[in-house]
Amino acid sequence: MNILDVPVIKDFIRMCNDGWELGYHERNGGNLTYRMRPEEVALCKDAFTYDKPWVKMGVQAENLKNEYFIATGSGKFFRNVILAPQDNICIVEINDAGDSWRIVWGLEKGGVPTSEFPSHFMNHSVRVKATDGAYRVIYHAHTPSLIALTYVLPLTNRDFSRVLWQSATECPVVFPGGVGVVPWMVPGGADIALATSKLMEEFDAAVWAHHGLFCSGPDFDITFGLMHTIEKAADIYVRALSCGQGIRQTISDDNLRAIAKDFGVQLREEFLD
Ligand code: 13P
Ligand code: ZN
């Protein structure tokens, strides 16, 4: 099978394009990684080469040794992924020590995996541990309304979680654990990777102040759906504020508790009054 016909590669490409179409990925903004299942690696293996050098990441994870990830390329544009996947995405293998990657497929015109690979890698590591291996996707996007809120709301997990829960009735059902917030930090390095992965021990989503959002999930649909739901809630809040009269009424904490009860989810109680 041609690697571009392998279902997981097609699904990865589709998600990149969905994000582009929703306006989350100006220029090279945002990045996506997926931890492959052994059977998916087997379907792609004929296209792999093992002649590229190992590159150290500056972070390490015991539980990701020898894994394979599909990743967007650093500086590559999401809008081009669908046109030439082989030049804009890649598959990397992780070494025996769990501290380096090497490209085994893709980025045929040169390049490296996303500069946020250390953050993705550490987030994968904590989500794999927290979900017993169920989580496979880490997605970073430059979601405009959520970024706007990082200029006007206090940068706390509680404030962001409450505003987002209150902004659309489905939100407490989609992310009952709320969202974490990372203060502004220099992107691309080990420090922001460690700060984000610390939050990902508890949250499926982490806001990066004045930058964007990281979401995690078991598959492309759930992870993209989480990004979309959070950004839409942020957009509703921005629109409500834009009417210029402040927030007159909202979903009360008892309303939130009632939704949680009926839908059988556990809301993070410390975020409620
Ligand atoms: P990359 O092009 O290296 O993926 O970086 C984009 C980005 O969003 C950085 O946070
Ligand atoms: Zn970014």
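What you are looking at is a predicted structure, and each value in this text was computed from that prediction instead of being measured. Start at 1 and go down the list; that is how both ligands and their atoms are numbered.
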Going by the atom numbers of ligand 1, which of them fall below 4.0 Å from some non-hydrogen atom of [X]?
{"X": "Ser74", "result": "1 (P), 2 (O), 3 (O)"}
{"X": "His140", "result": "8 (O), 10 (O)"}
{"X": "His211", "result": "10 (O)"}
{"X": "Thr114", "result": "1 (P), 3 (O), 4 (O)"}

Please determine whether a side-chain nitrogen of the Lys or Arg among [X] and [Y] lies less than 4.0 Å from a carboxylate oxygen of the Asp or Glu.
{"X": "Arg268", "Y": "Glu202", "result": "yes"}
{"X": "Arg257", "Y": "Asp254", "result": "yes"}
{"X": "Arg102", "Y": "Asp51", "result": "no"}
{"X": "Lys109", "Y": "Asp87", "result": "yes"}

Please walk me through it: do Asp235 and Arg239 pass salt bridge (charged side-chain N to carboxylate O under 4.0 Å, His left out)?
-> CA-CA 6 Å; Asp235 194 48; Arg239 288 179 196 221; 2.9 Å; yes
Is the shortest N/O to N/O distance between Gly75 and ligand 1 below 3.5 Å?
-> yes
Checking a contact table here: which protein heavy atom is nearest [atom], and how many Å away?
{"atom": "atom 7 (C) of ligand 1", "result": "Asn31 ND2, 3.4 Å"}
{"atom": "atom 6 (C) of ligand 1", "result": "Asn28 O, 3.3 Å"}
{"atom": "atom 5 (O) of ligand 1", "result": "Ser115 OG, 3.4 Å"}
{"atom": "atom 9 (C) of ligand 1", "result": "Glu116 OE2, 3.2 Å"}

Any chance you could measure Met200, atom CE, to Ile138, atom CD1, to the nearest 0.5 Å?
-> 5.0 Å
Counting heavy atoms only, which of Gly212, Gly73, Gly30, Pro113 comes nearest to atom 8 (O) of ligand 1?
->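 Selected option, by shortest heavy-atom distance: Gly30.
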Indicate yes or no for a side-chain donor-acceptor contact from Glu231 to the backbone of Ser145 under 3.5 Å, with no hydrogens or angles considered.
-> yes
Looking only at N, O or S atoms, find the one in His140 nearest to the Zn ion (ligand 2) and name it.
->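 His140's closest N, O or S atom to the Zn ion (ligand 2) is named NE2.
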Are His142 and His211 close enough that a side-chain donor and a side-chain acceptor fall under 3.5 Å?
->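 Their side chains do contain a donor-acceptor pair, which is all the 3.5 Å distance test asks for.
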